[in-house]
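Handing you this structure, nothing more for now.
Numbers restart at 1 for each chain; the letters A, B, ... are given by sequence-line order, proteins then strands.
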Number of protein chains: 2
Amino acid sequence: MLFSTKAEYGVRLMVELGRQPGSQPASLGSVAEAENLPLSYLEHLVAKLRKAGLVTSTRGAHGGYRLAKPAEEITMDAVVEALEGQIAPMECFHDSPEGKVLCSHESDGDQACSTKLLWMRVQGGVTKALAGTTLAELVEFSDQSAQKRVAAIGSAA
Amino acid sequence: MLFSTKAEYGVRLMVELGRQPGSQPASLGSVAEAENLPLSYLEHLVAKLRKAGLVTSTRGAHGGYRLAKPAEEITMDAVVEALEGQIAPMECFHDSPEGKVLCSHESDGDQACSTKLLWMRVQGGVTKALAGTTLAELVEFSDQSAQKRVAAIGSAA
DNA sequence: CGCATAACCGACCGCTTCAGTAGGATTTGA
DNA sequence: TCAAATCCTACTGAAGCGGTCGGTTATGCG
């Protein structure tokens, strides 16, 4: 598996917040119930999202979480990275200060290790997919399928 | 990390075999030395590659491993999949009998879970990168950088 | 004020995988 | 026969995953 359930649960959590009308905060409890996920585990995940500045929280009664930005401005690379940590295909891959991708096997100069070409392409494919998807898209996507369900029930009745 | 060192080491191993002149078998020991990797660990990896039909082996003295097919016909999705197992972005993702990708959260009908769109795109990006890269490309890539090194040393002397 | 409701925080736990080691059995060329 | 090699199984320490639990703090409401 490329990603663990942390990404899965976390994305579902974000979508649920995105579905919330207005900017009303949703309690973790309600999210956990809606998505059928363990509340105490979600607490860990939402903490990461908060530290990454993707959600804001209000404490106390009737408190909860809401998106820190409009869903259109939240791309999924930020969400997944907040949950899973730096996204790289391989351990020896990290962003250098100049933003370039370097393999730790190329100690100095322009010497390239044999796998670099491959991981560069994989990295590109993944980040393109993640950065090219906004939370708003996922919210709309899930709304559509919900409407389908309602329509099906309606026509059956 | 998307992949473990199993993929890294395994790909390097395959490249090393691809660099071998003729169809001469290379012993694991020589590969381990060339790539500076633990021999006893490579044994596990090469076993997976052999079971996947990517390399063939000849036992006994002067034995070793060679590619089962020309490097041009070996795509990296097969290699990585042999080493890491089925490549899917998420646990709930598996190929259905008809080849379609299904999420186990959509129990029946056309109900889609909110994350499906995202993982579909990620899956597409990764498989496109892996299936679109042949072992021959990586061999050529590593040969080029080796030539660069030789040239650099030559000009320095 | 007091209480319920929530966010917060850290410790712990069983399980699986990772990365590697160890030891031996088997096959084969010289 | 011996050395070199593949092959196979079992084991291990460390780390991450997927939670659980208990407790603390903040806040709205009656």
Those residues that, when tested against A:E137, pass salt bridge (Lys or Arg N to Asp or Glu O under 4.0 Å) (two or more places apart):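 With sequence neighbours excluded, A:E137 shows a salt bridge (Lys or Arg N to Asp or Glu O under 4.0 Å) to B:R121, given in chain and number order.
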d(CD, B:E91; P, D:dG16) in whole Å: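 Going from B:E91 (CD) to D:dG16 (P), I get 19 Å.
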Side-chain touch A:L118/B:L130, heavy atoms, less than 4.5 angstrom: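 With C-beta onward as the side chain, the pair touches.
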Short side-chain donor-acceptor distance under 3.5 Å, B:T115 and A:E8: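 Yes, because at least one side-chain N or O of A:E8 sits under 3.5 Å from a partner of the opposite role on B:T115.
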Reading 5' to 3' through nucleotides 19-30 of chain D, protein heavy-atom contacts under 4.0 Å coded B for base, S for sugar-phosphate only, - for none: BB----BBBSS-
With a cut-off of 3.5 Å and sequence neighbours excluded, list every side-chain donor-acceptor pair involving residues 45-52 of chain A.
none

Value in whole Å for how far the C1' atom of D:dG18 lies from NZ of A:K6: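 It works out to 10 Å between those atoms.
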Range on DNA chain C touched by chain B - first to last nucleotide, heavy-atom distance under 4.0 Å: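 The footprint of chain B covers C:dC18 to C:dA30.
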Name the atoms and distances for all side-chain donor-acceptor pairs under 3.5 Å in residues 62-71 of chain A, with sequence neighbours left out.
unit_1: A:R66; atom_1: NE; unit_2: A:S23; atom_2: O; d: 2.7

Touch class at under 4.0 angstrom, heavy-atom based, for A:G29 against every strand present: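 Counting heavy atoms under 4.0 Å across all strands, no contact is made by A:G29.
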A:L83 CG to D:dC17 P, straight-line distance once rounded to whole Å: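 Value for this atom pair: 11 Å.
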Paired and unpaired positions of DNA chain D as dot-bracket, Watson-Crick or G-U wobble under 3.5 Å, | denoting a partner strand: ||||||||||||||||||||||||||||||
A:F93 and B:M1: CA distance, side-chain angles, deciding distance, side chain to side chain contact (heavy atoms under 4.5 Å, CB included) verdict: CA-CA 9 Å; A:F93 239 68; B:M1 294 319 130; 5.9 Å; no
Side chain to side chain donor-acceptor pair (under 3.5 Å) pairs, two or more places apart, involving residues 34-46 of chain B: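 Pairs touching residues 34-46 of chain B that pass the test: B:R12-B:E35.
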Donor-acceptor contacts under 3.5 Å from residues 72-84 of chain B side chains, at least two apart:
unit_1: B:T75; atom_1: OG1; unit_2: B:D77; atom_2: OD1; d: 2.5
unit_1: B:E84; atom_1: OE1; unit_2: B:S4; atom_2: OG; d: 3.4
unit_1: B:E84; atom_1: OE2; unit_2: B:S4; atom_2: N; d: 3.0
unit_1: B:E84; atom_1: OE2; unit_2: B:S4; atom_2: OG; d: 3.0
unit_1: B:E84; atom_1: OE2; unit_2: B:A7; atom_2: N; d: 3.2

Phosphate OP1/OP2 of D:dC7: any B:R50 side-chain N/O under 4.0 Å: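 Yes, because at least one side-chain N or O of B:R50 sits under 4.0 Å from OP1 or OP2 of D:dC7.
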ILVMFWY network linking A:M14 to B:L117, side-chain heavy atoms under 4.5 angstrom: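 In one cluster: yes.
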